[in-house]
Asks: 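Can you keep this structure in mind? I'll have questions shortly.
In what follows, chains are A, B, ... by sequence order, proteins preceding strands, each numbered from 1.
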Amino acid sequence: MRVTVPHEWPHSVDEAAAIQERLRPLVRAADLGTGPIRTVAGLDVSYAEGSDRLAAAVVVLDADTLAVVEQVVAFGEAVFPYVPGLFAFRELPPLVEALEMLTTLPDLVVCDGQGVAHPRRFGLACHVGVVTGLPSIGIGKTAMNPFEAPGQERGASSPLVDNGEEVGRVLRTQDGIRPVFVSVGHGLDLAEACAWTLRLSPRYRLAEPIRLADHLGRQALRAPTS
DNA sequence: GCGACAG
DNA sequence: ATCTTGTCGC
């Protein structure tokens, strides 16, 4: 797929935050009116130990069977430091590169990190959704805000609140396993994001697209030829 | 002022 | 994110 990214790139933390503020209005927190979702792409970036080398992995799954349809890896180097709240500027470049290698145009994108559950309501999943135009979901493994634990059963959830507003859900994807933090990225609402997250997590804590992308990225980095 | 802070 | 040993379970 082709991804159109603004040519500008932040050279400072302040510039990065300003870009997030400017792009935030482009987020659609409700149904984008797209067609049926038949394929789902999972995104993840893995890092090497001693260097800045990284591998961005994208795995596309059939939405019904969860069978792998396509998978790609883009190698690169980190161009932005890890700063909480500016995480997207670290992972977006290699992820876009990987997305552009795809032959398949996914109908939904699932990101490893927050969507609108972000201090400026523009986490990685929102950024990916806006630059691709695709519906996207953010699934974080940890929260940026304090929260109350949901029930112990798979499917149980509680609100993720920031400044008095519900920005996401704390969602239990497996019985008795610590929950994940779901938020809207772009083009769908929170209820749909949670429903998809559950459907995409039939067996493990993490949704299959992300879990497989994580595996692919690590394996690629450890490969001799990488 | 200090620490905490998606991955 | 990554660093780590063994261990329990399918």
Side-chain angles (χ1 to χ4, degrees), chain A residues 10 13-14 16-17 19-21 23-24 27 42-59 73-98 109-130 136-147 159-163 166-171 173-186 190 193-194 197 202-207 209-223 226:
Chain A
V13 165
D14 288 343
I19 288 177
Q20 292 181 326
E21 297 283 10
L23 295 181
R24 169 171 59 181
V27 169
L43 281 48
D44 188 50
V45 178
S46 296
Y47 299 83
E49 328 175 20
S51 67
D52 278 342
R53 284 171 37 68
L54 54 78
V58 176
V59 177
V73 178
F75 294 100
E77 290 191 349
V79 298
F80 204 87
Y82 168 65
V83 180
L86 301 179
F87 178 52
F89 294 96
R90 184 173 174 75
E91 303 214 331
L92 195 64
L95 286 175
V96 166
E97 203 174 307
V109 175
V110 182
C111 299
D112 185 16
Q114 316 296 342
V116 298
H118 174 278
R120 283 172 296 281
R121 305 289 181 271
F122 198 73
L124 173 65
C126 299
H127 214 137
V128 169
V130 166
S136 65
I137 300 172
I139 303 182
K141 295 188 289 295
T142 64
M144 295 184 92
N145 300 289
F147 63 92
L160 229 195
V161 179
D162 183 66
N163 278 316
E166 184 176 89
V167 295
R169 306 284 306 179
V170 183
L171 179 64
T173 54
Q174 298 300 327
D175 292 0
I177 299 299
R178 63 193 172 111
V180 294
F181 305 86
V182 181
S183 59
V184 167
H186 182 62
L190 186 52
C194 289
T197 298
R203 173 154 188 203
Y204 300 102
R205 175 189 180 228
L206 230 45
I210 292 180
R211 201 176 68 80
L212 295 176
D214 179 86
H215 287 180
L216 176 60
R218 295 189 192 215
Q219 164 213 300
L221 265 189
R222 299 184 342 183
S226 89

Asks: Base, sugar-phosphate, or nothing for Ala117(A), non-hydrogen atoms under 4.0 angstrom?
Replies: nothing
Asks: With a centroid cutoff of 5.5 Å and a plane-angle limit of 30°, would you call Tyr82(A) stacked on dG7(B)?
Replies: yes
Asks: Base, sugar-phosphate or nothing for Phe87(A)? Non-hydrogen atoms, less than 4.0 Å.
Replies: base
Asks: Within the 4.0 Å heavy-atom criterion, would you say Gly140(A) contacts the bases, only the backbone, or no part of the nucleic acid?
Replies: sugar-phosphate
Asks: Would you indicate which nucleotide in dT2(C), dA6(B), dG7(B) comes nearest to any side-chain atom of Leu124(A)?
Replies: dA6(B)
Asks: Would the His118(A) and Phe87(A) ring centres measure less than 6.0 Å apart?
Replies: no
Asks: Want to settle it: does Arg203(A) or Tyr47(A) sit nearer the 5' end of DNA chain C, counting the closest nucleotide to each?
Replies: Tyr47(A)
Asks: Is there a side-chain contact between Asp214(A) and Arg211(A) (heavy atoms, below 4.5 Å)?
Replies: no
Asks: What is the distance, to the nearest angstrom, from the CZ atom on Arg120(A) to the P atom on dA6(B)?
Replies: 13 Å
Asks: Provide, to the nearest angstrom, the distance between the CZ atom belonging to Arg178(A) and the P atom belonging to dA6(B).
Replies: 13 Å
Asks: Compare all side-chain heavy atoms of Val45(A) with those of Tyr47(A) and state whether any distance is below 4.5 angstrom.
Replies: yes
Asks: In whole Å, I'd like the distance from the CZ atom of Phe89(A) to the P atom of dA6(B).
Replies: 17 Å
Asks: Base, sugar-phosphate, or nothing for Leu54(A), non-hydrogen atoms under 4.0 angstrom?
Replies: nothing
Asks: Considering every strand and a 4.0 Å limit on heavy-atom distances, what is the contact class for Gly138(A): base, sugar-phosphate, or nothing?
Replies: nothing
Asks: So what does Gln114(A) touch, heavy atoms closer than 4.0 Å: a base, only the sugar-phosphate, or nothing?
Replies: base
Asks: Whole-Å distance between dG9(C) C1' and Tyr204(A) OH?
Replies: 12 Å
Asks: What integer distance in Å separates Leu92(A):CG from dA6(B):C1'?
Replies: 14 Å
Asks: Within a reach of under 6.0 Å around CZ of Arg178(A), are more than 12 heavy atoms found that belong to other residues, nucleotides or ligands?
Replies: no
Asks: Using a heavy-atom cut-off of 4.0 Å across all strands, would you classify Leu95(A) as base, sugar-phosphate, or nothing?
Replies: nothing
Asks: Mind calculating the distance between NE2 (His215(A)) and P (dA1(C)) to the nearest angstrom?
Replies: 12 Å
Asks: Rounded off to whole Å, could you give me the CG-to-C1' distance for the Asp44(A) and dG7(B) pair?
Replies: 8 Å
Asks: Evaluate the side-chain proximity of Arg121(A) to Cys126(A): yes if any heavy-atom separation is below 4.5 Å, no if none is.
Replies: no
Asks: Can you find a side chain N or O atom of Thr142(A) that sits less than 4.0 Å from OP1 or OP2 on dG7(B)?
Replies: yes
Asks: How close or far is atom C1' of dG7(B) from atom CZ of Arg218(A), stated in whole angstroms?
Replies: 11 Å
